[in-house]
Amino acid sequence: MSEVLLENVHKIYPGDVTAVRDFTLEIKDKEFMVFVGPSGCGKSTTLRMIAGLEEITKGTINIGGRIVNDVPPKDRDIAMVFQNYALYPHMSVYKNMAFGLKLRKMPKKQIDELVRDAAAILGIEELLERKPKALSGGQRQRVAVGRAIVRQPKAFLFDEPLSNLDAKMRVQMRMEISKLHNQLQSTMIYVTHDQVEAMTMGDRIVVMKDGVMQQVDTPLEIYKNPANRFVAGFIGSPPMNFFEGTLSQTADGLYFKNEAMNVKVHESHVRPLTESNQQKVSFGIRPEHVQDSVLVSDPDPASLVKSKVEVVEPMGAEIMLYLSAGDNSYIARVDGQDPVKAGQEVSMSFDMAHGSYFEPGDDGKRIV
């Protein structure tokens, strides 16, 4: 079994600088867990504490049923894939992959079998005699992953392994690593600042900010039900739109208002908002839930917002519209057939059933 359990883990550097605060998480056997967040949020520090490359200030880390706080990295039975690949330039691909096994004094025949099996899994058999300088970025990444595979560890740790690749190769390697996880059925912990990688690869995602876990759940659950405004704005591409305003009760129902908007709150959201006793709120809605009203059959007048199109970005099957309504700037993802032009005045229809409401402030908790 390869569970990884972190309990109340802290990392405090000299000068009372807290990088990770009270981090508690259970990573299940064979799970693909992704740590995601902006630079400096503590995700790589957390990974390095699991690997033993950073000392823990407080708390415990358990790998496969064994507390490893004082166990050196080489004895933790984990394999780490780094951002810069960390390949030995003077060694061939074969020797790079075999090096760690030779240090363990493993028999040559067993080393050869493990290296060639890993090379076959990754499709790099023909590269085994080359040096790293003769490889492309994607090939070097495969070698780095292969070096980890041959060790047959309890857990694989990936520290932003795709950040040095171009966009097309990143997409390909995302798929390759996901396929590898399905094939090996191993526990994998993956660090990235790219929320698209997190959404497409993880069984579960940990969203971090300022050393604190903000939310842990499946990608879809975090996308649909973010715990707070930070998570809502970080997960999703393009990000969720936010509007600051107030709630106003009228004879016709509950409305969200600001200087440029007056939209009716969906009936499913009225009770939680009323019970929250919040008057000022942040209203959030994803770009795909905003449409040009000319494309909507029978749009609700209480969901329309008069706006100006600032920029049009054709994407083929869809169009990204960058709009303004008073001082509010927001994005809509609309059908690729919409004939709208930059500078045009439009009436946008908001699907209020898919709206979210947050307490005021950048880290405001989600109300509904």
Side-chain angles (χ1 to χ4, degrees), residues 36 38 195-196 198-199 207 209 214-215 219-248 254-266 268-269 272-273 278 280-296 299-315 318-336 338 340 342-368:
V36 66
Q195 53 86 27
V196 174
M199 290 287 292
V207 183
K209 180 190 178 191
Q214 303 293 310
Q215 188 172 1
L220 190 57
E221 185 62 23
I222 287 179
Y223 187 79
K224 287 185 172 180
N225 298 301
N228 56 41
R229 177 169 165 163
F230 170 77
V231 174
F234 191 82
I235 297 294
S237 181
M240 182 179 281
N241 299 301
F242 295 105
F243 305 90
E244 306 303 317
T246 58
L247 298 172
S248 177
L254 188 65
Y255 279 74
F256 172 81
K257 294 184 176 184
N258 64 23
E259 81 284 354
M261 300 174 63
N262 186 20
V263 288
K264 190 175 182 180
V265 173
H266 191 265
S268 64
H269 298 156
L273 287 171
Q278 291 282 339
K280 291 185 176 181
V281 296
S282 291
F283 169 61
I285 192 165
R286 299 226 176 253
E288 61 266 31
H289 296 137
V290 182
Q291 288 294 321
D292 188 342
S293 61
V294 300
L295 302 177
V296 179
D300 182 357
S303 72
L304 300 181
V305 178
K306 293 194 178 300
S307 306
K308 181 181 178 182
V309 180
E310 302 291 348
V311 176
V312 178
E313 281 188 351
M315 307 287 287
E318 60 189 19
I319 297 173
M320 297 297 176
L321 299 183
Y322 293 79
L323 304 118
S324 60
D327 292 334
N328 305 278
S329 296
Y330 68 100
I331 304 172
R333 184 190 305 225
V334 303
D335 187 273
D338 192 346
V340 70
Q344 188 175 333
E345 299 288 338
V346 292
S347 185
M348 302 301 293
S349 175
F350 283 50
D351 187 347
M352 298 301 290
H354 288 96
S356 296
Y357 297 86
F358 303 88
E359 295 175 359
D362 292 341
D363 296 327
K365 291 182 180 178
R366 183 170 181 265
I367 302 168
V368 63

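For reference, positions follow the sequence shown, starting with 1.
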Distance (rounded to the nearest 0.5 Å) between Q214 CD and I222 CD1: 11.0 Å
- prompt: Who pairs with F350 by ring pair (Phe, Tyr, Trp, His ring centres under 6.0 Å), at least two apart in sequence or on another chain?
  reply: F243, Y330
message: Filter on salt bridge (charged side-chain N to carboxylate O under 4.0 Å, His left out), then keep only pairs touching residues 282-292, sequence neighbours left out; what's left?
response: none
statement: Applying side chain to side chain donor-acceptor pair (under 3.5 Å) to Y357 and not counting sequence neighbours gives none
task: Please report the C-alpha distance between F242 and F358 in whole Å, then the side-chain angles of each, then the deciding distance to 0.1 Å, and finally whether the side-chain contact (heavy atoms from CB on, under 4.5 Å) criterion is met.
output: CA-CA 9 Å; F242 295 105; F358 303 88; 3.8 Å; yes
task: Rounded to the nearest 0.5 Å, what's the gap from CG on L304 to OG on S349? Could you check?
output: 5.5 Å
query: Considering residues at least two apart in sequence or located in another chain, which fulfil the side-chain contact (heavy atoms from CB on, under 4.5 Å) criterion with P219?
result: M199, I205
message: Quick one, Q291 and M348 - any side-chain contact, counting heavy atoms below 4.5 Å?
response: no
- prompt: From D351 CG over to D300 CG, what is the distance, rounded to the nearest 0.5 angstrom?
  reply: 10.5 Å
Residue pair V265 / L247, side-chain heavy-atom distance below 4.5 Å: yes
- line: Taken to the nearest 0.5 Å, the spacing of N241 CG from S356 OG works out to 11.5 Å
side-chain contact (heavy atoms from CB on, under 4.5 Å) evaluation trace for V207 with F230: CA-CA 9 Å; V207 183; F230 170 77; 3.9 Å; yes
message: Please enumerate all residues that pass side chain to side chain donor-acceptor pair (under 3.5 Å) together with H266, with sequence neighbours excluded.
response: S268
Show me, pair by pair, the donor-acceptor contacts under 3.5 angstrom made by side chains of residues 254-264, not counting sequence neighbours?
unit_1, atom_1, unit_2, atom_2, d
Y255, OH, D252, OD2, 2.5
N258, OD1, A260, N, 2.9
N258, OD1, M261, N, 2.9
N258, ND2, E244, O, 3.2
N258, ND2, N328, OD1, 3.3
E259, OE2, D327, N, 3.2
E259, OE2, N328, ND2, 3.2
K264, NZ, D252, O, 3.0

statement: Contacts of E313 meeting side chain to side chain donor-acceptor pair (under 3.5 Å) (sequence neighbours excluded), chain-then-number -> Y322
field: Contact check, side chains of Y223 and Q195, non-hydrogen atoms, under 4.5 Å
entry: no
message: Could you report the tightest heavy-atom contact between H269 and G355, atom names first, then the distance?
response: CE1-O, 3.2 Å
In residues 360-368, what donor-acceptor pairs under 3.5 Å come from side-chain atoms, sequence neighbours left out?
unit_1, atom_1, unit_2, atom_2, d
D363, OD1, K209, NZ, 2.6
D363, OD2, K209, NZ, 3.1
R366, NH2, N225, OD1, 3.4

- request: Among D338, L323, L321, find the residue that satisfies the side chain to side chain contact (heavy atoms under 4.5 Å, CB included) test when tested with V312.
  value: L321
message: To check you understand the geometry: which heavy-atom pair defines the closest contact between P314 and I319, and what is its length?
response: CA-CG1, 4.3 Å
- request: Mind listing the closest non-hydrogen atom pair of P299 and S293 along with its distance?
  value: CG-O, 4.2 Å
query: Mind checking what makes side-chain contact (heavy atoms from CB on, under 4.5 Å) contact with K308, not counting sequence neighbours?
result: E310, S324, E345
message: Could you work out, with side chain to side chain donor-acceptor pair (under 3.5 Å) as the rule, every residue matching Q215, not counting sequence neighbours?
response: none
